[in-house]
Amino acid sequence: MPSNIRVRFAPSPTGKLHVGGARTALFNWAWAKKHGGTFLLRIEDTDEGRSTQEFERAILEGLHWLGLQWDEGPDIGGPFAPYRQTERAARHKELAQKLFAAGWAYRCFCTTERLEKLREEQSKNHLKPEYDGLCRKLAKEEVERRVATGERYVLRFAVPQGETRFLDHVRGDVVFQNKEVDDWVMVRSDGTPTYNFVVVCDDIDMGITHVFRGEEHLVNTPKQVLLYRAFEKPAPEFGHLPLMLGKDGKKLSKRTGDTALQDYREKGYPKDAIINFLCLQGWALNGTTEVFTVDQLVANFEVKDVQKAGAIFDLDKFQWLAGEYIRKEPLAEFAEHCAPFVVAANLATDAELRARWDWYLRVAHGEQERVRTYGELPPRVAYLFGADADFAWEADAEKNAKKHAAARDTLAAYGAWLDERLDAGKKPTDLRDETKAWITERGLKIPALFQPLRCALTGQAGGPDLFEIMELLGVPAVRARIRRGAERLAG
RNA sequence: GGCCCCAUCGUCUAGCCCGGCCUAGGACACCAGGUUUUCAUCCUGGCGACAGGGGUUCGAAUCCCCUUGGGGUCACCA
């Protein structure tokens with residue numbers, strides 16, 4: 001379905017990719033795909049020094065990782081290159097001149113000190129802090145004279161009277177009274193343009209038809225729409241997405257939890273779970289389907305269906321969803337995804353893991369339905385990687401073991417019984433039924449052996465099947481741990 | 001404070017645009033059972049919301065107004 005639709009994601013490289021930004025990118029991308037449009041990436045690096053190459057690289061990398069491929073962007077170019085705003089400076093200057101010449105902007109000589117004082121007084125008198133338009137009324141001659149003396153000035157946009165309205169896909173029609181809109185600074189005294197100006201220049205030049213962004217930009221929109229009018233260009237359609245909120249109900253920030261996409265990636269949340277979850281913050285497939293694919297998203301996503309109210313970041317649900325994705329993964333993939341985390345936890349090197357991959361697959365298999373992120377695996381399986389029989393026991397595990405009166409004797413007796421069978425060349429998994437019979441014969445309940453045994457073998461209160469664990473541990477380690485376990489339970 | 005936006009279970013949401021099918025559906029979390037060698041998974045059940053008040057209408061979660069509450073924004077940042 002060919003179309004002229006063009007949307008963009010335009011992050012500023014002043015920090016890591018925020019999950020809110022990732023969601024904005026995702027919605028833009030999905031909507032473009034749904035409507036056969038073009039999705040482009042533009043870097044808004046017009047900040048005075050807060051922008052860095054490193055952040056830009058990280059943002060691109062994060063979007064790539066999510067699978068949000070752009071059709072045009074700073075790295076791959078495109079028909080409207082360049083896609084980095086600082087590289088478009090000449091064009092911005094030209095357009096600013098054009099607006100100035102047409103009388104849409106005026107020179108303002110007010111100093112920072114005067115503006116500060118002005119705002120101070122305004123807020124003291126409970127007035128809206130805004131520019132008072134002093135320089136807008138300046139006589140032409142005076143302006144010329146002051147420019148000639150080398151006085152510094154900024155270019156302010158001359159907001160006309162009337163009202164400004166625009167179509168918002170999320171909120172319907174939105175109207176602002178122009179008298180509420182400040183004569184904002186378009187070009188700084190050092191000659192560099194500001195965000196509100198640049199964004200419109202670039203959106204016009206790049207043929208952007210729809211602007212979907214966070215709600216914090218809603219109040220900027222009348223300024224921008226006015227700019228389109230000044231340029232005599234049709235304004236795009238907008239869509240202001242609800243904010244993602246922290247537990248405190250305020251804009252999601254570092255205070256209330258992890259905000260960077262990278263944080264969740266490093267914790268081992270599956271990529272598709274992140275996408276799925278981000279969608280759920282503000283959008284629903286149909287109200288009953290919580291888990292859905294990217295294809296389903298693309299087939300059904302509409303900005304007009306996005307919730308108007310902000311969404312508190314629901315970490316519990318996110319973790320549940322991550323677990324859903326993990327359990328659905330084929331074992332080989334799950335193991336592969338966990339491997340870097342195992343290595344990072346220093347349990348083994350990648351080479352060591354590869355050398356006994358079949359063993360590692362069984363390790364992963366045992367935990368797949370117990371973890372919700374890849375990062376949860378290493379601490380749960382650490383006991384399988386050391387030969388030491390004196391590893392730490394978790395408090396719960398020891399408590400479970402000790403609540404059985406004769407735990408030590410039972411374990412020691414079982415150890416002796418097991419030794420004979422292992423000597424005879426039996427595999428632990430072949431001894432499952434015999435072990436249960438052994439327990440019954442001695443008039444015991446199953447936990448009376450299994451809990452001390454689990455503690456001795458793993459030091460943990462829960463986990464996979466004990467006989468599977470014994471095979472993964474290997475006969476010498478099993479023997480050593482049972483022996484040492486019985487000793488520790490005695491003391 | 002001005003302006004703008006918003007308002008369904010604790011949380012994410014369906015329903016709202018095109019009033020009746022809503023004694024308001026789903027999910028997470030929580031609680032209680034069941035399954036299990038334990039933990040987890042899985043299964044069953046429970047708790048739990050239309051912010052309040054006025055209209056309009058035969059009828060309102062759905063339309064209108066007010067109140068209250070929450071958020072956003074007020075830079076030579078983006």
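The sequence lines fix the lettering, A, B, ..., with proteins before strands; numbering per chain opens at 1.
Taking atom P in both B:rA24 and B:rA61, the straight-line distance is 11 Å, to the nearest Å. Across B:rA75 and B:rC63, the matching C1' atoms stand 41 Å from one another, rounded to whole Å. Taking atom P in both B:rC47 and B:rG25, the straight-line distance is 11 Å, to the nearest Å. Spacing of P atoms, B:rU11 relative to B:rG52, comes out at 15 Å, to the nearest Å. The gap from the C1' atom of B:rG71 to that of B:rG53 amounts to 23 Å, rounded to the nearest Å. Nucleotides B:rG26 and B:rC9 are separated by 12 Å at their C1' atoms, to the nearest Å. Using P as the reference atom, B:rG10 and B:rA49 are 7 Å apart when rounded to the nearest Å. Spacing between B:rA29 and B:rU67 at atom P, rounded to whole Å, works out to 41 Å.
Interface remark: the A:Thr194 side chain does not form any donor-acceptor pair with the B:rC76 base, using a distance-only criterion of under 3.5 Å. Put simply, the side chain of A:Arg454 and the base of B:rU38 share a donor and an acceptor less than 3.5 Å apart.
Listed nucleotides: B:rU41, B:rC76, B:rG26. Nearest to the side chain of A:Thr288: B:rG26. Taking only side-chain atoms of A:Glu180, from C-beta outward, the nucleotide of B:rA40, B:rC76, B:rG2 with the closest atom is B:rG2. Ranking B:rC76, B:rA40, B:rG72 by closeness to the A:Glu369 side chain, first place goes to B:rA40.
Figure legend. B:rU57 is base-paired to no nucleotide; pairs are counted as Watson-Crick or G-U wobble with both atom distances under 3.5 Å. If you check B:rC22 for Watson-Crick or wobble pairing at under 3.5 angstrom, you find it has no partner at all. Across all strands shown, B:rU73 is found opposite B:rG2 as a Watson-Crick or G-U wobble partner, with both distances under 3.5 Å. In a base pair of the Watson-Crick type (N1 to N3 plus N6-O4 or O6-N4) or a G-U wobble (N1-O2 and O6-N3), with each distance short of 3.5 Å, B:rA7 is matched with B:rU68.
When heavy atoms are screened at a 4.0 angstrom cut-off, A:Pro129 is found touching base atoms of the nucleic acid. The residue A:Leu466 sits close to a base: some heavy atom pair falls under 4.0 Å. A:His217 comes within contact range of at least one nucleobase, with a heavy-atom separation under 4.0 Å. Within 4.0 Å of A:Leu127, counting heavy atoms only, lies no atom of the nucleic acid at all. Within 4.0 Å of A:Glu116, counting heavy atoms only, lies no atom of the nucleic acid at all. Using a 4.0 Å heavy-atom distance criterion, A:Cys110 is classed as a base contact. When heavy atoms are screened at a 4.0 angstrom cut-off, A:Lys250 is found touching the sugar-phosphate backbone but no base atom. Contacts of A:Asn220 with the nucleic acid, taken as non-hydrogen atoms under 4.0 Å apart, include base atoms. Here A:Phe467 lies out of heavy-atom contact (under 4.0 Å) with every strand. Residue contacts for A:Gly463: at a heavy-atom cut-off of 4.0 Å it reaches a base atom on one of the strands shown. Contacts of A:Val185 with the nucleic acid, taken as non-hydrogen atoms under 4.0 Å apart, involve only primed sugar atoms and P, OP1 or OP2.
For A:Phe157 and A:Trp184, the ring centers sit closer than 6.0 Å to each other. Taking the ring centroids of A:Phe212 and A:Trp283, they lie at or beyond the 6.0 Å cut-off. Note: A:Phe277 and A:Phe313 meet the aromatic proximity criterion, with ring centroids under 6.0 Å apart.
For the pair A:Arg119 and B:rC76, the criterion of a side-chain N or O lying under 4.0 Å from OP1 or OP2 is met. Look at A:Lys251 and you'll find a side-chain N or O under 4.0 angstrom from OP1 or OP2 of B:rU73.
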What's the verdict on salt bridge (Lys or Arg N to Asp or Glu O under 4.0 Å) for A:Lys251 and A:Glu216, showing C-alpha distance, side-chain angles and the deciding distance? CA-CA 9 Å; A:Lys251 203 156 73 156; A:Glu216 71 266 28; 5.0 Å; no
Give the intermediate values and the outcome of side-chain contact (heavy atoms from CB on, under 4.5 Å) for residues A:Leu218 and A:Asp168. CA-CA 9 Å; A:Leu218 194 55; A:Asp168 190 296; 3.9 Å; yes
Between A:Lys402 and A:Glu398, does a salt bridge (Lys or Arg N to Asp or Glu O under 4.0 Å) hold up when you go through it step by step? CA-CA 6 Å; A:Lys402 286 185 170 168; A:Glu398 190 167 345; 2.7 Å; yes
Give the intermediate values and the outcome of salt bridge (Lys or Arg N to Asp or Glu O under 4.0 Å) for residues A:Glu121 and A:Lys124. CA-CA 5 Å; A:Glu121 260 172 54; A:Lys124 201 171 68 188; 6.0 Å; no
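Judged purely by atom type and a 3.5 angstrom limit, A:Asn196 has no side-chain atom pairing as donor or acceptor with the backbone of A:Gln224.
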Can you check each nucleotide of nucleotides 5-13 of chain B against protein heavy atoms at under 4.0 Å and return B for base, S for sugar-phosphate only, - for none, in 5' to 3' order? SSS---BBS
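For the pair A:Pro447 and A:Arg327, both in contact range of RNA chain B, the more 5′-proximal nearest nucleotide belongs to A:Pro447. Heavy-atom distances to RNA chain B give each of A:Lys436 and A:Leu243 a nearest nucleotide, and the one nearer the 5′ end belongs to A:Lys436.
Taking the charged nitrogens against the carboxylate oxygens, A:Arg91 and A:Glu94 do have a contact shorter than 4.0 Å, which makes a salt bridge.
Distance A:Phe292 CZ to B:rA27 C1': 12 Å, rounded to the nearest Å. For the pair A:Glu324 CD and B:rG26 C1', the interatomic distance rounds to 14 Å; values are reported in whole Å. If you take CG of A:Leu118 and P of B:rA75, they are 11 Å apart, rounded to a whole angstrom. Nucleotide B:rA75 holds its C1' atom 18 Å from the CZ atom of A:Phe197, rounded to whole Å. Taking atom CZ on A:Phe157 and atom P on B:rA75, their separation rounds to 18 Å, with Å as the unit. Here the P atom of nucleotide B:rU38 and the NE2 atom of A:His404 are 10 Å apart, to the nearest Å. Look at CG on A:Asp182: it is 12 Å from C1' on B:rG2, rounded to the nearest Å. When the C1' atom of B:rA78 is taken as reference, atom CG of A:Asp203 falls 13 Å away, rounded to whole Å.
With a 6.0 Å radius and a threshold of 12 heavy atoms from other residues, nucleotides or ligands, A:Lys328 has its NZ atom above the threshold.
Side chains of A:Gln319 and A:Leu315 form a contact here, defined as non-hydrogen atoms less than 4.5 Å apart.
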